[in-house]
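Some notes on the structure that comes next.
Count residues from 1 along the sequence.
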Amino acid sequence: MKKQYQWILGACAAVPLFANANFNQQSLNAFAKDTKLMFTSEDNFFGKTGEVLASIALTNNSNVELPKGQGDWQIYIHSIRKIAKVRHPGFKLEHVNGDLHRLIPTTEFPGLAHGQSIKVEFEAAAWIAAYSDFMPRAFIVSKQLQPAIFANTDTEDLTQFVTPFTRENQLKRYNDPVDQTVTPTAAIRFEQNLAVNSIEIKDASTRIIPKPQQVEFKRGSTRLSNDWHVRFSGRLASEVSVFKEDLAEYGLTLAMQADHIPLEKGAKAIELSVDKKLKDAQSYTLNIDSDRIRIVGADNAGVFYGIQSLLALFPANANNEVALPRGEIKDAPRFNWRGMHYDNGRNFHGKDAMFKLVEQMAKYKLNKFHWHFSDDEGWRLEIKDLPELTDIGATRCFDLQEQTCLLTQLGTGPFKSGSGNGYLSRNDFIELLKFAKARHIDIIPEIESPGHARAAIKAMEARYHHYSAKGNLVAAKAYLLSEATDTSTYSTVQSYTDNALNVCMDSSYAFIEKVTYEIQSMYREAGVRLTNLHFGGDEVGHGAWTGSPACQKLFEQADNGVAGVQDLKPYFTQRVAQIFSRRGVTPGAWEDGLMYDATTPFNREEFPNKSFTVNAWDNIWEWGVADRAYRLANDGYQVILSHGTHLYFDHPYEAHPLERGYYWAARATDTQKVFGYMPDDLYANADVTRDLDPIDNLEALVGRALPQLEKPENILGIQGQVWSETIRTESQFLEMVFPRLLPLAERAWHKAKWEGQTINKAQRLEDWAQFAATLSEKELAKLDAAGIAAHLPVPGAIIEDGKLHANSAFPLLPIQFSIDGGKSWQTYSGPTSVAQGSSVQLRTYLGNKNVSRITYLPN
């Protein structure tokens with residue numbers, strides 16, 4: 001039996017959990033329905049920096065009484081902050097695994113009758129300064145009854161089970177050192193927005209995102225309507241098919257034929273062709289005249305991007321006819337790698353979410369979709385011959401033995417119907433591959449290993465038990481990723497104790513080869529070549545493999561390059577790289593998966609692969625490893641800039657407790673901050689520390705010389721990341737990605753004149769103002785029409801001399817205000833008189849459904 005099973009069963013046996021039979025199913029359900037469970041962040045300044053005092057309060061409004069003393073019940077909560085201990089003698093705390101904790105009543109439990117409340121304080125790691133630091137769907141369990149979710153926690157409205165954040169020791173993360181975070185208010189936002197709103201907006205309707213290299217518009221416009229035709233080179237049939245779909249969204253149905261068919265005299269046409277004389281791959285020219293629109297690409301991709309630029313000139317509300325400015329565009333991409341990473345291993349958000357993301361990536365000329373489909377909390381792709389990966393690994397529920405599902409995590413709650421469960425079938429993925437290929441997007445799957453592999457490990461353990469029961473030990477052990485006699489002890493950043501696959505077992509590599517083979521077969525069936533495959537490599541728990549007999553046996557073998565535990569990650573990486581090399585696939589990894597120590601990459605010459613991509617993410621300057629991107633590039637790795645401070649879209653838009661997301665890399669990452677990222681000079685992005693102290697001397701902060709980039713050709717491009725621990729629904733996912741994906745695309749495609757070590761701040765502000773106005777003028781509305789309700793910035797406002805003044809971080813984005821508590825809303829059109837002492841609510845809005853969070857005056 002695996003050691004973790006022994007631990008769980010041992011813990012259950014050691015405590016008389018079911019000593020008193022107080023509940024039946026009806027009373028358990030009634031208690032959970034009418035008992036309110038509330039979380040509170042009590043004090044972030046408690047103890048040392050990185051410790052928090054929080055609490056759980058239970059108010060019994062039901063007719064079911066909890067008797068004194070030990071009972072036959074336990075309360076389970078999801079806590080991403082690992083709880084160290086509870087400060088209440090009536091409860092014993094147990095950490096189950098990952099974020100799952102349970103409270104068990106002791107002999108000193110005082111009882112909880114109708115109308116009574118009990119508060120349980122607990123100490124935990126890190127800080128809690130946002131509602132989304134708490135997870136929904138706490139539940140109560142008794143005997144073998146079906147678990148019951150506390151009803152007020154069974155919601156995505158976090159305010160229903162989290163008390164407000166109002167005090168400084170709740171809003172700030174720590175006080176030693178001083179956290180410089182300022183919680184934004186309407187007045188603070190108003191002051192911040194003044195600069196961008198003072199700039200004259202020019203040509204927002206004709207601004208293309210991402211910005212082309214050269215644009216020259218002349219006087220006059222061309223009317224594109226259904227009497228136009230499309231003529232195209234035969235090789236462009238796929239691009240034309242997508243173009244036809246896109247035109248239909250604007251009510252345009254143009255006759256489309258290959259260019260060997262002549263046009264009638266006087267016919268107007270869009271002409272699409274390829275000219276290999278164009279210098280740069282993926283480049284294009286776009287000419288708009290009175291009766292001709294010509295798009296010429298260096299290749300098929302160039303034509304596709306020229307089409308996207310043409311469509312970008314369409315007003316959002318165009319229907320049946322479009323007025324286009326006449327002129328010429330010459331364009332080529334800044335980087336070949338323009339990527340977006342999407343983690344739905346943690347939480348699955350449905351098939352449609354993936355298609356929406358890929359579709360919008362294409363519209364903004366992104367071309368690499370890094371799909372993080374596996375992690376500790378889930379495996380999201382059907383693999384032929386390994387059904388356990390999705391039968392077990394794609395679903396979480398309350399099953400401590402994990403025979404029917406993974407252990408519940410991240411607010412899923414006890415039932416398989418909970419949030420975050422699901423996967424893509426083989427056919428779904430093949431469909432997605434075809435969809436992406438038609439839009440010139442490469443999908444890079446990630447088989448997360450050797451750490452973050454718990455979903456796969458548990459699935460293969462279930463497979464082992466299944467075949468063992470049938471007496472087929474060969475099949476049982478074929479893809480086993482864990483060792484029953486492994487006594488290693490460790491805890492990861494995410495508080496897992498059993499998520500590292502055993503790198504010393506040949507069956508682990510058989511598993512990786514099998515999954516790689518099946519993925520390749522899906523690509524081939526879709527008519528696509530698998531060129532890149534990511535294997536993760538990051539965040540292996542310290543102590544993994546130290547108690548593994550298989551690893552000890554490996555250490556004792558001569559001449560294999562493995563003498564101890566520190567040799568195991570390079571050994572694993574080399575074996576995986578060899579598997580991928582044989583299959584003609586370029587391997588990829590996260591930066592910490594390729595480091596011997598903080599500053600020394602694995603020996604690049606040990607890997608047979610022509611290319612080896614690495615995502616450089618850790619640019620927390622004061623941690624001293626932010627120069628890894630350059631170190632890895634100089635050592636021969638192909639680097640994709642994926643930096644946490646600017647390019648992690650799971651972080652909050654602003655430092656407000658109501659904003660969703662983790663905030664370990666930066667307290668906030670708004671759309672403007674993404675826009676300001678400078679990929680050509682890594683060190684120029686070093687603006688502030690995590691405490692928000694300004695960085696005046698980066699070398700002094702790091703404490704050593706910083707390497708310069710010697711091989712710029714090894715910087716392939718940039719990539720945005722969204723991790724989904726706090727993102728449980730499709731709408732939450734889309735809101736976190738959009739509109740931040742658009743400035744990501746801008747920087748990946750276009751190098752601005754203001755970029756550099758010495759930043760032209762005035763020029764950058766003007767460029768941002770035009771970009772933000774374009775979002776307001778048309779891009780947000782286009783996203784809305786595609787079913788994407790993008791995050792809208794909360795407005796700024798003040799009341800001065802009896803008048804309400806309001807503004808937005810996105811110029812031209814409409815603002816609404818209410819003076820009757822939100823019962824009715826008026827559109828703000830300029831300074832407006834308000835009665836003295838008025839309470840005003842404000843929000844930005846788009847259409848009839850998408851609105852920002854509400855801000856209040858007085859603040």
Side-chain polar contacts of residues 385-393 - donor-acceptor pairs under 3.5 angstrom, sequence neighbours left out - could you list them?
unit_1 : atom_1 : unit_2 : atom_2 : d
D385   : OD2    : K514   : NZ     : 2.8
T390   : OG1    : P387   : O      : 3.4

request  = Would you indicate whether the side-chain heavy atoms of F415 and I149 approach each other to under 4.5 Å?
outcome  = yes
ask   = Does the distance from a Lys or Arg side-chain N to an Asp or Glu carboxylate O, for R660 and E735, drop under 4.0 Å?
value = no
inquiry  = Is there a side-chain contact between Q409 and L100 in this structure, where contact means two heavy atoms from C-beta onward sitting under 4.5 Å apart?
reply    = yes
Residue pair M354 / D428, side-chain heavy-atom distance below 4.5 Å = no
key: Ring-face cation of R439 near F435 (centre distance under 6.0 Å, axis angle within 45°)   = yes
message = A cation-pi test, strictly: NZ or CZ of R575 under 6.0 Å from the centre of the six-membered ring of Y509 and no more than 45 degrees from its axis. Yes or no?
response = yes
ask   = Any salt bridge between K458 and E461, counting N to O under 4.0 Å?
value = yes
key: Pairwise side-chain contact, L381 with I519, heavy-atom cut-off 4.5 Å (strictly under)   = yes
query = What residue among I444, L530, T613 forms side chain to side chain contact (heavy atoms under 4.5 Å, CB included) with T586?
reply = T613
inquiry  = Is the positively charged end of R583 above the ring of Y517, judged by distance under 6.0 angstrom from the centroid and angle within 45° of the axis?
reply    = no
key: Validation row: T497, N97 side chains within 4.5 angstrom (heavy atoms)   = yes
message = Contact between H370 and S642 at the side-chain level, heavy atoms closer than 4.5 Å - yes or no?
response = no
message = Measuring only between side-chain heavy atoms, which start at C-beta, is Y637 closer than 4.5 Å to N714?
response = no
query = Relative to each other, are the rings of F398 and F139 parallel, tilted or perpendicular (30° and 60° limits)?
reply = perpendicular
Under the side-chain hydrogen bond (donor to acceptor under 3.5 Å, both in side chains) test, residues paired with T412 that sit two or more places apart = R396
query = Taking only residues two or more places apart in sequence, or in another chain, which ones meet Q557 in a side-chain contact (heavy atoms from CB on, under 4.5 Å)?
reply = K553, L554, N560
query = Considering only heavy atoms from C-beta outward, does the side chain of C397 approach that of T404 to under 4.5 Å?
reply = yes
ask   = After noting the C-alpha distance and the side-chain angles of N347 and T726, does the key distance pass the side-chain contact (heavy atoms from CB on, under 4.5 Å) rule?
value = CA-CA 8 Å; N347 279 305; T726 68; over 6 Å; no
request  = Sorted by first residue and then second, give each salt bridge (Lys or Arg N to Asp or Glu O under 4.0 Å) pair with at least one member in residues 364-374; sequence neighbours left out.
outcome  = K368-D442
key: Spacing of Y662 atom OH and D650 atom CG [to the nearest 0.5 Å]   = 8.5 Å
Working for side-chain hydrogen bond (donor to acceptor under 3.5 Å, both in side chains), residues S724 and D343 = CA-CA 6 Å; S724 66; D343 157 37; 3.3 Å; yes
ask   = Among all residues two or more places apart in sequence or in another chain, which pass the side-chain hydrogen bond (donor to acceptor under 3.5 Å, both in side chains) test with N502?
value = E483, S548
message = Looking at F511, I'd like to know if the NZ or CZ of R463 sits under 6.0 Å from its six-membered ring centre while staying within 45 degrees of the ring's axis.
response = no
inquiry  = Just to verify, what does D592 make a side-chain contact (heavy atoms from CB on, under 4.5 Å) with, not counting sequence neighbours?
reply    = D538, E539, W590, W617, R628
Partner residues of H651 under the side-chain hydrogen bond (donor to acceptor under 3.5 Å, both in side chains) criterion, sequence neighbours left out = none
ask   = Could you walk me through whether Q721 and Q719 pass the side-chain contact (heavy atoms from CB on, under 4.5 Å) check?
value = CA-CA 7 Å; Q721 279 66 230; Q719 179 172 288; 3.0 Å; yes
note = With sequence neighbours left out, the residues meeting side-chain contact (heavy atoms from CB on, under 4.5 Å) with K569 are V540, W545, F602
query = Of all residues at least two apart in sequence or in a different chain, which pass the ring pair (Phe, Tyr, Trp, His ring centres under 6.0 Å) check with F429?
reply = W371, Y523
note = Residue set satisfying side-chain hydrogen bond (donor to acceptor under 3.5 Å, both in side chains) with H372, at least two apart, ordered chain then number -> D375, E446
task = Please report the shortest heavy-atom distance between P570 and Y596, naming the atom on each side.
result = CG-CE2, 3.6 Å
ask   = Which residues pass the side-chain contact (heavy atoms from CB on, under 4.5 Å) test with A281, sequence neighbours left out?
value = D299
query = Can a salt bridge be assigned to the pair E730 and K351 using a cut-off of 4.0 Å between side-chain N and carboxylate O?
reply = no
request  = Fit a plane to each ring of F304 and H440, take the angle between them on a 0 to 90° scale, and name the class: parallel (under 30°), tilted (30 to 60°) or perpendicular (over 60°).
outcome  = tilted
inquiry  = Taking salt bridge (Lys or Arg N to Asp or Glu O under 4.0 Å) as the cut-off, I'd like each qualifying pair that reaches into residues 714-726, sequence neighbours left out, listed once.
reply    = R346-E725
